[in-house]
Number of protein chains: 4
Amino acid sequence: MTEERRRRVPRRIREQQIIDVAVRVFSKRGYHASSVDEIADLAGISKPMVYLYLESKEGLFIACLRREADRLVRAFQDAAREAGPPDQRLYAGLRAFFAFVAEHRDGWVVLYRQAAELSESIAREVALARRAVLAQVAGLVREGVQGQGAQGQGAQGEGGDGAGQLREEDADFVAHSLVGAADSLTDWMERHPGQSPDGVALRLMNMVWAGMERVLRGESWVPHSG
Amino acid sequence: MTEERRRRVPRRIREQQIIDVAVRVFSKRGYHASSVDEIADLAGISKPMVYLYLESKEGLFIACLRREADRLVRAFQDAAREAGPPDQRLYAGLRAFFAFVAEHRDGWVVLYRQAAELSESIAREVALARRAVLAQVAGLVREGVQGQGAQGQGAQGEGGDGAGQLREEDADFVAHSLVGAADSLTDWMERHPGQSPDGVALRLMNMVWAGMERVLRGESWVPHSG
Amino acid sequence: MTEERRRRVPRRIREQQIIDVAVRVFSKRGYHASSVDEIADLAGISKPMVYLYLESKEGLFIACLRREADRLVRAFQDAAREAGPPDQRLYAGLRAFFAFVAEHRDGWVVLYRQAAELSESIAREVALARRAVLAQVAGLVREGVQGQGAQGQGAQGEGGDGAGQLREEDADFVAHSLVGAADSLTDWMERHPGQSPDGVALRLMNMVWAGMERVLRGESWVPHSG
Amino acid sequence: MTEERRRRVPRRIREQQIIDVAVRVFSKRGYHASSVDEIADLAGISKPMVYLYLESKEGLFIACLRREADRLVRAFQDAAREAGPPDQRLYAGLRAFFAFVAEHRDGWVVLYRQAAELSESIAREVALARRAVLAQVAGLVREGVQGQGAQGQGAQGEGGDGAGQLREEDADFVAHSLVGAADSLTDWMERHPGQSPDGVALRLMNMVWAGMERVLRGESWVPHSG
DNA sequence: GATGAATGAGACTTCATTCAT
DNA sequence: GATGAATGAAGTCTCATTCAT
């Protein structure tokens with residue numbers, strides 16, 4: 001890995017180099033405030049190459065988006081493939097998530113902090129990419145809680161049969177909550193640098209595990225109980 | 001709504017008109033993709049008026065930011081002022097939050113979906129505004145859980161004394177989780193239009209209430225319990 | 001002279017107040033870089049008043065120009081009215097000039113440092129005002145040297161009859177030289193704050209007095225004398 | 001002059017073309033009244049090229065300034081390099097000056113008629129450029145008069161030893177006077193088109209040569225001699 | 001594979017000027 | 001006599017994108 005920027009680099013590699021830089025820049029500045037000029041400069045090539053390989057600024061952004069979403073999804077899948085009881089698997093998923101964000105902060109930002117400023121056509125891509133991530137989480141949640149009645153951690157013995165009524169909607173609700181919380185916690189992590197990704201995952205697990213099942217079963221906390 | 005667009009509108013009112021429009025536009029397009037031209041047009045005035053009253057695009061954005069943060073914080077405070085047991089108060093807070101977002105979607109987007117693309121000086125303002133919101137939530141959380149041992153909803157009888165160990169950090173963790181989840185759930189709401197803000201708040205309450213206390217007490221879910 | 005900015009000031013006085021401020025601002029920033037806004041602000045009135053009284057930015061500038069040219073011309077005339085031998089009178093004129101500039105720096109700058117940036121129609125006015133100043137100097141020069149043969153300071157006894165051949169052109173040449181030198185020396189004065197206007201006038205007098213007569217007589221220094 | 005406006009001109013050349021035009025425009029209109037649009041148009045290119053090569057309007061102006069100051073200084077130095085007695089050298093310097101101004105009127109105007117309207121940072125540059133020009137003249141003056149006692153043109157035999165007391169300040173005084181006079185005489189030249197630069201230089205030489213030495217020696221004309 | 005040269009379009013911002021009170 | 005409200009026009013500057021080599 002001689003770091004000298006070589007001429008005549010084959011297309012596949014150049015593309016990756018460009019995307020590497022672009023993720024960094026898009027993450028730092030946001031889509032609109034990023035300039036193709038800067039990206040080309042930092043990639044050590046001229047602008048026409050960017051356009052030759054990635055077609056347009058939108059194309060470049062979409063390429064970034066897809067690569068980062070893929071990476072995150074794969075990290076999730078790898079973690080979830082682990083055998084084990086469902087709570088362990090969800091925990092593993094969350095750990096994978098926080099570890100990914102800690103290591104690929106830029107990728108996460110590109111995926112999740114570019115809501116308002118994008119053109120219609122990019123917004124669609126972003127929605128797709130996020131759907132892919134959310135789907136992973138929702139999957140884990142569904143599996144995890146389905147098994148919870150049998151292997152869960154005790155207290156709620158009211159029967160896992162409620163899990164049969166799992167609706168897509170509920171799993172989606174929980175997945176949104178988890179991903180939203182996790183996203184927000186990346187900010188919290190930045191202000192508490194001592195915290196390991198695993199620690200954050202553990203805390204979050206503690207906070208939601210007990211309640212998740214409830215939600216997926218339908219309400220049980222009664223508003224006016226006080 | 002006989003809001004006929006009049007000439008010679010006094011400054012105070014014009015400013016609000018401008019900010020109203022700006023919140024809408026910034027929310028729809030994001031900061032950079034918004035143009036002062038469009039905002040002026042939609043406000044029914046010429047660009048120089050915008051600059052005369054709000055100084056600059058940044059000034060305009062900051063004005064939007066502050067107004068919306070104030071509104072949200074006030075909505076929260078009003079809800080939290082209600083008497084009642086702590087879980088009720090947190091529930092009221094969440095309801096207020098989702099109601100606010102449902103009614104002021106644009107304001108929320110301006111506050112919470114403008115991360116990466118902003119200049120240093122605006123980023124500071126955004127951070128401040130968000131801190132104000134987070135502080136409200138953290139406050140509610142702290143109060144709520146401190147009282148939980150005494151007036152809580154039963155199941156966890158392990159004693160409220162653990163609440164004494166509440167650390168700022170933990171309340172902040174929970175507040176980040178809640179706000180992040182809530183933010184993300186606004187997307188969920190958009191895809192499930194039948195859901196009332198109160199319903200969403202209830203679901204979220206169910207999901208986190210049981211676990212919050214755990215987090216604030218220190219961990220209790222054990223990773224390798226399986 | 002209670003300095004409180006009063007309302008309902010009569011036109012004549014308001015006009016002078018405005019012009020006072022305008023001379024200062026035009027001098028500091030130049031014509032184009034000055035804004036009517038700033039002038040109105042500093043004058044403590046609203047822009048429409050400026051337009052009511054002075055018609056336009058150009059009108060305002062021309063008013064400044066005329067007033068300052070008048071003042072300078074009058075200072076010159078007062079000095080030149082002094083009786084005395086011609087060299088004394090020229091010296092008195094130069095002293096008056098440097099004293100004026102030292103006290104009305106802004107006025108001078110407005111008159112003499114606004115060459116390139118002005119519109120055709122203002123440039124005409126400027127030329128007129130400068131002509132008035134140059135004419136004063138040229139007048140002094142002509143008188144002074146005409147008498148030089150009789151009452152001059154000695155050395156050149158070749159006779160004052162050459163003075164009869166004075167051409168307008170020559171007096172004008174000398175006047176331009178003197179005013180140009182004097183203008184430039186105002187910069188020199190700024191860098192040598194110890195120097196009194198009178199001292200500068202004396203130095204300049206020394207430098208040009210002997211040679212002036214020559215020029216007005218036709219050449220006498222021969223290029224290839226070396 | 002087959003300078004057909006070509007496409008794809010190399011940077012170095014384009015830069016010079018731009019500066020050529022800019023000097024003309026800045027000279028004609030002054031800094032603020034000049035528009036980059038006009039400069040680009042006259043240079044036969046689009047605005048972005050101007051900004052690509054010269055950074056900003058200020059950068060463009062500074063580039064003009066430096067080039068013209070360099071040219072003038074070099075013209076001076078070339079003239080002063082001529083061997084010969086000191087009066088001849090000063091005369092050569094003045095001739096060079098007037099010849100330069102006659103041929104590069106625009107350059108001179110850019111250098112010397114842009115006083116009041118410039119931003120702080122440009123004003124610094126202008127001051128620097130002018131200093132360079134003044135320094136050349138002051139150098140010539142110093143040399144010239146130092147030798148005057150020995151090789152001078154006769155009349156003043158009071159001893160060249162006074163020349164040893166030359167102070168920086170005095171040379172500077174004379175230089176300011178000369179440059180100011182010369183600047184002002186460029187206006188005179190415009191109104192007397194028949195005059196050659198050499199003729200003007202000769203007249204000025206006549207006017208100041210005799211007196212210069214006096215100034216540099218300390219005063220000798222006595223105010224109240226009459 | 002690679003790039004220096006070039007631009008149309010559009011952004012923010014300011015200014016001289018006027019209107020209605 | 002005086003002003004707050006309002007604007008058309010113009011200016012500086014940046015950007016995504018392409019052409020010709």
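Per chain, numbering begins at 1; letters A, B, ... match sequence-line order.
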Rounded to whole angstrom units, what separation is found between the [atom1] atom of [X] and the [atom2] atom of [N]?
| X | N | atom1 | atom2 | result |
| --- | --- | --- | --- | --- |
| Phe61(B) | dC12(E) | CZ | C1' | 16 Å |
| Gln17(A) | dG1(E) | CD | C1' | 13 Å |
| Leu60(B) | dA11(E) | CG | P | 15 Å |
| Ile39(A) | dC15(F) | CD1 | C1' | 12 Å |
| Leu52(D) | dG8(E) | CG | P | 15 Å |
| Arg29(B) | dC12(E) | CZ | C1' | 17 Å |
| Met49(A) | dT3(E) | CE | P | 7 Å |
| Glu38(D) | dG11(F) | CD | C1' | 13 Å |

Heavy-atom pair of closest approach, residues Leu65(B) and Ala129(B):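 So the two residues come closest at CG-CB, 4.2 Å.
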Let me confirm one number: the OG-CG distance from Ser46(A) to Leu52(A), rounded to the nearest 0.5 Å.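 It is 9.5 Å, given to the nearest 0.5 Å.
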Mind checking salt bridge (charged side-chain N to carboxylate O under 4.0 Å, His left out) for [X] and listing every partner two or more places apart, or none if nothing turns up?
| X | value |
| --- | --- |
| Glu55(B) | none |
| Asp41(A) | none |
| Arg24(D) | none |

Salt bridge between Lys47(C) and Asp37(C), side-chain N to carboxylate O under 4.0 Å? yes
Under 4.0 Å protein heavy-atom contact, by nucleotide of nucleotides 15-21 of chain E - B base, S sugar-phosphate only: BSBBBS-
Checking Val25(A), Ile18(A), Val23(A) against Val21(A) for side-chain contact (heavy atoms from CB on, under 4.5 Å), the one that qualifies is Val25(A)
Which is true for Ile45(A) with a 4.0 Å heavy-atom rule: it touches a base, it touches only sugar-phosphate, or it touches nothing?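 Sugar-phosphate contact only - Ile45(A) comes under 4.0 Å of backbone atoms but never of a base.
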May I ask you to say what Arg11(D) touches in the nucleic acid, namely base, sugar-phosphate or nothing, with a heavy-atom cut-off under 4.0 Å? sugar-phosphate
Per Val9(C) side chain, nearest of listed nucleotides dA2(F), dT3(E), dA6(E): dA2(F)
Do the non-hydrogen side-chain atoms of Glu68(A) and Arg71(A) ever get within less than 4.5 Å of each other?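 With C-beta onward as the side chain, the pair touches.
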Tell me which donor-acceptor pairs under 3.5 Å the side chains of residues 113-120 of chain A have, and how far apart each pair is, sequence neighbours excluded?
residue   : atom : partner   : partner atom : Å
Arg113(A) : NE   : Asp183(A) : OD1          : 3.1
Arg113(A) : NH1  : Asp187(A) : OD1          : 3.3
Arg113(A) : NH2  : Asp183(A) : O            : 3.1
Arg113(A) : NH2  : Asp183(A) : OD1          : 2.5
Arg113(A) : NH2  : Thr186(A) : OG1          : 3.2
Arg113(A) : NH2  : Asp187(A) : OD1          : 3.4
Gln114(A) : OE1  : Tyr31(A)  : N            : 3.1
Gln114(A) : NE2  : Phe26(A)  : O            : 3.2
Glu117(A) : OE2  : Tyr31(A)  : N            : 3.1
Ser119(A) : OG   : Glu58(A)  : OE2          : 3.1
Ser119(A) : OG   : Ser121(A) : OG           : 3.4
Ser119(A) : OG   : Ile122(A) : N            : 3.4

For DNA chain F, please output the secondary structure as dot-bracket, reading 5' to 3'. Pairs are Watson-Crick or G-U wobble, both atom distances under 3.5 Å; mark crossing pairs with [ ], other-strand partners with |, unpaired with a dot. .||||||||||||||||||||
Could you say whether Pro10(A) or Tyr53(D) is positioned toward the 5' end of DNA chain E, judged by the nucleotide with the nearest heavy atom to each? Pro10(A)
